[in-house]
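Down below is the structure, laid out as structure tokens.
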There are 2 protein chains.
Amino acid sequence: MPYDEQPLRPLDQTEESLVRALAHVMMALPRLVDADMVGDGGLPLSEYTPLMFLSEAPHRRMRMSELATACNLSLSGMTRVVNRLEKQGFVQRAKCQEDLRGWNAVLTDEGLARLQEAWPAHLTSIRRHVLDNLAGHDLAALTAALERVATTP
Amino acid sequence: MPYDEQPLRPLDQTEESLVRALAHVMMALPRLVDADMVGDGGLPLSEYTPLMFLSEAPHRRMRMSELATACNLSLSGMTRVVNRLEKQGFVQRAKCQEDLRGWNAVLTDEGLARLQEAWPAHLTSIRRHVLDNLAGHDLAALTAALERVATTP
DNA sequence: TCTGTGTGCTTGTCGAGTCAAGTAAATGTA
DNA sequence: TACATTTACTTGACTCGACAAGCACACAGA
């Protein structure tokens, strides 16, 4: 796409390849992992992720807005995910005592059990698709770069 | 999440951080780039990408199924994207002469102009979010790794 | 204490993409 | 040639998530 006028240097071949590979990963990887997980553990990433964050939180509970931020979801999106999880008995809502406008999503015992059941499939999938393909790379440096990518305004 | 029995080694801290950073990128980056593009060029990635592939294809045309594969979309998803592009006049459908079941999506002059108009915003966004944050990394090695990640069965 | 403004979450409505079913043309088989 | 099967694409029905509007509570300032 030759096009000039501004001091906008087009991508060179190396950069172009990287961008396309990254685009491919972003489109394909969530589906690949989801397929592995529903094939085995039966829990899609969209539900696994919030259960995971809840399991790590104090008292296994988080405010809806915290959880939405952690999962990179809009607040309304989080509302609907938690609705699904609540219907399955994996999460309960509890009014937040310090601020009666707020709600906590609380991981139930059943939810924790479900998470532990899904964990092996998740771990296996992530190892196979991601970590096994990054052998020999400097993971810490890569992580730092990815964190910048995700947060550059 | 302690859990044993299998020879399933949990992720260590470095691996865990990398996986979460990658998850964050996958969730956030498409939205960031889209926001930049509609803010400026007015063309979301879901439409930019097929126009880009068409512009590079011989005679600016591709079969629906090729285009779907290139864009990592299902065939039915591609049908709908091309419907949108056709309504805007950026693409036309032309029956494939070698196989009358098939259709080509053909980039129009208007579509090419639109792509060139959107290109600077796209390039700027990609540089800022992605490439500028990968300075000092071995892009070729990273690309190879990402390609494996996206295609590991 | 009342009243206006801001915050936390949910709901209505919508766009986007997936899968399954349907249609038309190509290809194999008798 | 006739018929069954496969392939290329579209359509219908659905799920998921986003945004904007709405509701309930919090927290001023008078």
Side-chain angles (χ1 to χ4, degrees), chain A residues 23-24 26-35 37-39 42-50 54 61-88 91-106, chain B residues 23-24 26-39 42-51 54 61-88 91-106:
Chain A
H24 194 174
M26 290 193 303
M27 291 294 289
L29 184 57
R31 275 197 289 271
L32 290 170
V33 174
D34 256 6
M37 292 185 68
V38 305
L43 199 57
L45 266 180
S46 59
E47 303 187 355
Y48 182 90
T49 307
L54 288 175
R61 74 183 51 207
M62 289 171 76
R63 293 285 291 266
M64 292 299 291
S65 43
E66 292 178 83
L67 195 52
T69 303
C71 298
N72 281 292
L73 226 51
S74 70
L75 194 47
S76 71
M78 199 72 246
T79 291
R80 301 187 203 276
V81 172
V82 169
N83 286 347
R84 298 202 293 270
L85 292 170
E86 205 173 18
K87 267 191 201 92
Q88 297 174 276
V91 156
Q92 280 188 336
R93 276 181 229 259
K95 226 180 196 1
C96 177
Q97 287 313 315
E98 302 82 49
D99 184 340
L100 294 179
R101 294 168 301 180
W103 290 87
N104 284 299
V106 187
Chain B
H24 195 175
M26 290 193 303
M27 291 295 288
L29 184 55
R31 274 196 291 272
L32 290 171
V33 174
D34 257 4
D36 290 348
M37 292 185 68
V38 304
L43 198 57
L45 267 180
S46 60
E47 303 188 356
Y48 183 90
T49 307
L51 294 186
L54 287 176
R61 73 183 50 207
M62 289 172 76
R63 293 286 290 266
M64 293 299 292
S65 43
E66 292 177 84
L67 195 52
T69 303
C71 298
N72 280 292
L73 227 50
S74 70
L75 191 48
S76 70
M78 200 71 246
T79 291
R80 300 184 203 278
V81 172
V82 169
N83 287 347
R84 298 201 294 272
L85 292 170
E86 206 173 20
K87 268 192 201 91
Q88 298 174 275
V91 156
Q92 280 188 337
R93 278 179 166 86
K95 228 182 193 3
C96 176
Q97 288 312 316
E98 301 82 50
D99 183 341
L100 293 180
R101 294 168 301 180
W103 290 88
N104 283 299
V106 187

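Since the structure is predicted, the reported quantities are computational estimates derived from the model, not experimental observations.
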Seminar exercise, completed: Separation between CE (B:Met27) and OG1 (A:Thr49), nearest 0.5 Å, reads 8.0 Å
Problem set entry | Atom pair distance, as rounded to whole Å: NZ in B:Lys87 and P in C:dA16 | 10 Å
Exercise. So how far is it from A:Leu32 CG to A:Leu45 CG, rounded to the nearest 0.5 Å?
Worked result: 11.0 Å
Exercise. Would a distance-only check, ignoring hydrogens and angles, find a side-chain to backbone donor-acceptor pair under 3.5 Å from B:Asp34 to B:Pro44?
Worked result: no
Problem set entry | Reported CE-to-SG distance for the pair B:Met62 and B:Cys96, which is rounded to 0.5 angstrom | 13.0 Å
Exercise. Are side-chain heavy atoms of B:Gln97 and B:Asn104 found at a separation under 4.5 Å?
Worked result: no
For this session: Using a 4.0 Å heavy-atom cut-off, write out nucleotides 13-26 of chain D from 5' to 3' as B (base contacted by protein), S (sugar-phosphate only) or - (no contact).
Result: B--SSBBB---BBS
Exercise. Are any of A:Arg93's side-chain N or O atoms less than 4.0 Å away from OP1 or OP2 of C:dT10?
Worked result: yes
Problem set entry | Length of the line joining B:Asn83:CG and D:dG12:P, which is rounded to integer Å | 12 Å
Exercise. Nearest-Å distance, CE (A:Met62) to P (C:dG8)?
Worked result: 15 Å
Seminar exercise, completed: Whole-Å distance, A:Met64 CE to C:dT11 P, equals 10 Å
Exercise. Out of curiosity, B:Leu75 CG to B:Arg80 CZ, how far, rounded to the nearest 0.5 Å?
Worked result: 11.0 Å
Exercise. Which whole-number value in Å describes the distance from B:Asn104 CG to D:dA8 P?
Worked result: 13 Å
Exercise. Should we count CD of B:Gln92 as having more than 12 external heavy atoms under 6.0 Å?
Worked result: no
Problem set entry | Protein-nucleotide distance (B:Leu43, atom CG; C:dA16, atom C1'), rounded to Å | 15 Å
For this session: Kindly give the heavy-atom pair with the smallest separation between A:Val81 and A:Leu73, and that separation in Å.
Result: CG2-CD2, 3.7 Å
For this session: Examine D:dC9: is either OP1 or OP2 under 4.0 Å from a nitrogen or oxygen in the side chain of B:Ser65? Give yes or no.
Result: yes
Seminar exercise, completed: Rounded to the nearest 0.5 Å, the CZ atom of A:Arg63 sits from the CZ atom of A:Arg61 at a distance of 11.5 Å
Problem set entry | Protein-nucleotide distance (B:Asp34, atom CG; C:dA16, atom P), rounded to Å | 10 Å
For this session: Mind grabbing the angle between the end helix axes of the helix from C:dT1-D:dA30 to C:dA30-D:dT1? Five pairs an end, 10° rounding.
Result: 10°
